[in-house]
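Scope of the values below: all heavy atoms of this structure, side chains included, with no hydrogens, waters or symmetry mates.
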Amino acid sequence: MTAVDPALAGCPVPVTESEKILLGHGSGGQLSAELLRDVVLPGLGGAAGEGVPEDGAVVPVGGIDLVISTDSFVVSPLFFPGGDIGSLAVHGTVNDLAMMGADPVALAVAYIIEEGFPITDLRRVTTSVGAAAAAAGVPVVTGDTKVVGRGAADGLFVTTTGVGRRLPGARVSAAFARPGDVVLLSGPIGAHGTTILSAREALGFEAEIVSDTCPLHRLVATMVAEAGPAIHVMRDPTRGGVASALNELAAASRVGIEIDEAAVPVPAPVAAACELLGLDPLHVANEGCLVAVVAPGSAEALLAAMRSAPDGRCAVRLGEVVGEHPGRVVMNTLMGGRRVVDMLVGEQLPRIC
């Protein structure tokens, strides 16, 4: 034990950065994983490092597998090309249920509103919530509102909770990937994160970038009808992007994943924006695509089924699951080399959802 200088005995002890919440703890990357592992799960009765990161939980009730998921939305700005915090909240929770193989049946919505927030904006957001829920065919059945003082919140925060019914034949988990499985991606990446950054900073790119936010439960229903239990994993790569989603499932399944850079679908305006801003599209958030890991014998049929659906028409084969380098994602580059694709460290784009 190190002796304490008597002259310093009454001095305050410095607080290290690790003892405070950082923006990076909300990134969906390494710091988020550490926060869940070291603070949240132990506090809720689980051991540190215990549990598989999933988008929701399966709750058997009376012989029916219900799925529940909850999410909070703090996106800034509240309104952006392609959507707003209201539609985003609906789509986000509908998609989390879908990634568990569930058909969403009901939503709850809660608002935390800052004093002074314009009623016209609240009405606009609420109208958007209703329209998005109606379009998805998932009613909002309950909710709550709280108002806090000026400066205690940044305008409006929204929390949505959803309940769904697991589809027959759907048995998915981040821990179910196996060597030989094929990794599929339902469509282009990077649009949501770059849209939020562009709108927030008024960057005014020559080609307008629009968020990809949309509900994916109908695409998932098509996929499950085609491949059923051959689909081992489904994830929507939101915060932390495709890179973090793949790293999470590689760690949970104790497998390696290899992807091909040539197969990664990045729209030209998104690629240009990322190059200008120094962002890796694999780390940029998405709100309208999914990653699926499927048994090799069902991959081609599932890919065709995905491409037959409106939300999966640009689906691609991204890579495969391997037994080598468990817990690590490796990309075969356009230059013929290989590089490790790590989880997002810190916060690349704060408050993107």
* Transitively linked via ILVMFWY side-chain contacts under 4.5 Å: Val291 with Leu184? -> no
* Nearest 0.5 Å please: distance from the OG1 atom of Thr161 over to the CG atom of Leu107. => 8.5 Å
* Determine whether Val329 and Ile189 fall in the same hydrophobic cluster, where Ile, Leu, Val, Met, Phe, Trp and Tyr are linked whenever their side-chain heavy atoms lie under 4.5 Å apart. => yes
* Output the distance between atom CG (Asn286) and atom CZ (Arg239), rounded to the nearest 0.5 Å. => 13.5 Å
* State whether the number of non-hydrogen atoms from other residues, nucleotides or ligands found under 6.0 Å of Arg328 atom CZ is greater than 12. => no
* Asked: Which pairs, with at least one residue in residues 214-237 and sequence neighbours excluded, count as a salt bridge (Lys or Arg N to Asp or Glu O under 4.0 Å)?
  -> Glu54-Arg235, Arg235-Glu248
* **Considering all heavy atoms, the nearest Cys289-Pro237 contact** => O-CD, 3.2 Å
* Asked: Are Pro179 and Val322 side-chain neighbours, meaning at least one heavy-atom pair lies under 4.5 Å?
  -> no
* To do: Determine the minimum heavy-atom distance between Val210 and Gly82, stating which atoms define it.
  => CG1-CA, 3.4 Å
* **Note, Val75 side chain near Phe157 side chain (heavy atom, < 4.5 Å)** => no
* Asked: Can you get from Val109 to Val125 by hopping between Ile, Leu, Val, Met, Phe, Trp and Tyr side chains that sit under 4.5 Å apart?
  -> yes
* Do the side chain of Glu287 and the main chain of Thr213 share a donor and acceptor less than 3.5 angstrom apart? -> no
* Asked: Taking the six-membered ring of Phe79, is the NZ or CZ of Arg124 close enough (under 6.0 Å from the centre) and on axis enough (within 45°)?
  -> yes
* Arg178 backbone acceptor or donor facing Asp181 side chain under 3.5 Å -> yes
* Structure fact -> The reported gap from CG in Leu167 to CG in Asp65 (rounded to nearest 0.5 angstrom) is 11.0 Å
* Contact list for residues 293-344, test ring pair (Phe, Tyr, Trp, His ring centres under 6.0 Å), sequence neighbours left out -> none
* To do: Calculate, to the nearest 0.5 Å, the distance between atoms CD1 and CE belonging to Ile68 and Met100 respectively.
  => 11.5 Å
* Any side-chain donor paired with an acceptor under 3.5 Å for Ser72 and Thr159? -> yes
* Structure fact -> Here the pair of heavy atoms bringing Ala89 nearest to Val158 is CB-CG1, 3.8 Å
* To do: Kindly work out whether a path of hydrophobic side-chain contacts (I/L/V/M/F/W/Y, heavy atoms less than 4.5 Å apart) joins Ile21 to Val39.
  => yes
* Structure fact -> Separation between CZ (Phe73) and CD1 (Ile85), nearest 0.5 Å, reads 8.5 Å
* Hey, is CD1 on Ile119 packed in by over 12 heavy atoms from elsewhere, all under 6.0 Å? -> no
* Is the backbone N or O of Ile209 less than 3.5 Å from a side-chain atom of Thr195, with the two atoms forming a donor-acceptor pair by type? -> yes
* To do: Any side-chain hydrogen bond (donor to acceptor under 3.5 Å, both in side chains) involving residues 183-192? Give me the pairs, sequence neighbours left out, ordered by first then second residue.
  => His192-Ser211
* Asked: Would you say Ser198's side chain and Thr194's backbone share a donor-acceptor pair under 3.5 angstrom?
  -> no
* Between Leu156 and Ile112, is any pair of side-chain heavy atoms under 4.5 Å apart? -> no
* Asked: Considering only heavy atoms from C-beta outward, does the side chain of Val183 approach that of Val321 to under 4.5 Å?
  -> yes
* Student check: side-chain heavy atoms of Val233 and Ser173 closer than 4.5 Å -> no
* To do: Tell me whether Ile352 is reachable from Leu88 by hopping between hydrophobic residues (I, L, V, M, F, W, Y) whose side-chain heavy atoms are closer than 4.5 Å.
  => yes
* Taking side chain as C-beta onward, heavy atoms only, is Met234 less than 4.5 Å from Met223? -> yes
* To do: Kindly state each residue pair satisfying salt bridge (Lys or Arg N to Asp or Glu O under 4.0 Å) with at least one member in residues 147-163, sequence neighbours excluded.
  => Asp154-Arg351
* Please collect all salt bridge (Lys or Arg N to Asp or Glu O under 4.0 Å) contacts where either partner lies in residues 310-320, sequence neighbours excluded, each pair once. => Glu300-Arg317
* To do: Please test Ile231 against Phe176 for side chain to side chain contact (heavy atoms under 4.5 Å, CB included), starting from the C-alpha separation and ending with a verdict.
  => CA-CA 9 Å; Ile231 304 172; Phe176 287 176; over 6 Å; no
* To do: State, without any angle test, whether Thr93 and Asp71 hold a side-chain donor-acceptor pair at a distance under 3.5 Å.
  => no
* Just by distance, do the side chain of Arg200 and the backbone of Ser76 share a donor-acceptor pair under 3.5 Å? -> yes
* Can you name the closest pair of heavy atoms from Gly288 and Leu216 and give their distance? -> O-CD2, 3.5 Å
* Side chain Ser87, main chain Gly83, donor-acceptor under 3.5 Å -> no
* Report the distance from atom CZ of Arg307 to atom CG of Leu302, rounding to the nearest 0.5 Å. => 10.5 Å
* Do any N or O atoms from the side chain of Ser69 and from the backbone of Gly162 form a donor-acceptor pair under 3.5 angstrom? -> no
* Asked: Do Asp103 and His217 get their side chains close enough for a donor-acceptor pair, meaning under 3.5 Å?
  -> no
* Val182/Val293 under side chain to side chain contact (heavy atoms under 4.5 Å, CB included): CA gap, chis, key distance, verdict -> CA-CA 6 Å; Val182 175; Val293 177; over 6 Å; no
* **Closest non-hydrogen atom pair, Val224 against Gly169** => CG1-C, 4.5 Å
* To do: May I ask you to test the His232-Val294 pair for a side-chain heavy-atom distance under 4.5 Å?
  => no
* Considering all heavy atoms of both residues, which atom of Pro265 and which atom of Gly187 are nearest to each other, and what is their separation? -> CG-O, 3.5 Å
* Asked: Are Val341 and Val330 close enough that some pair of their side-chain heavy atoms sits under 4.5 Å apart?
  -> no
* Asked: Under 4.0 Å between a Lys/Arg side-chain N and an Asp/Glu carboxylate O for Asp144 and Lys146?
  -> yes
* Asked: What residue pairs, at least two apart or across chains, pass salt bridge (Lys or Arg N to Asp or Glu O under 4.0 Å) with a residue in residues 329-345?
  -> Glu258-Arg338, Asp280-Arg339
* To do: Evaluate the side chain to side chain contact (heavy atoms under 4.5 Å, CB included) criterion for residues Val264 and Leu185: first the C-alpha distance (whole Å), next the side-chain angles of each, then the deciding distance (0.1 Å), finally the verdict.
  => CA-CA 9 Å; Val264 179; Leu185 178 64; 5.5 Å; no
* Give the C-alpha distance, both sets of side-chain angles, the deciding distance and a yes or no for side chain to side chain contact (heavy atoms under 4.5 Å, CB included) between Arg166 and Arg171. => CA-CA 9 Å; Arg166 190 153 69 167; Arg171 292 294 182 271; 3.3 Å; yes
* Output yes when a side-chain donor or acceptor of Asp55 lies under 3.5 Å from a complementary backbone atom of Asp96, and no otherwise. => no
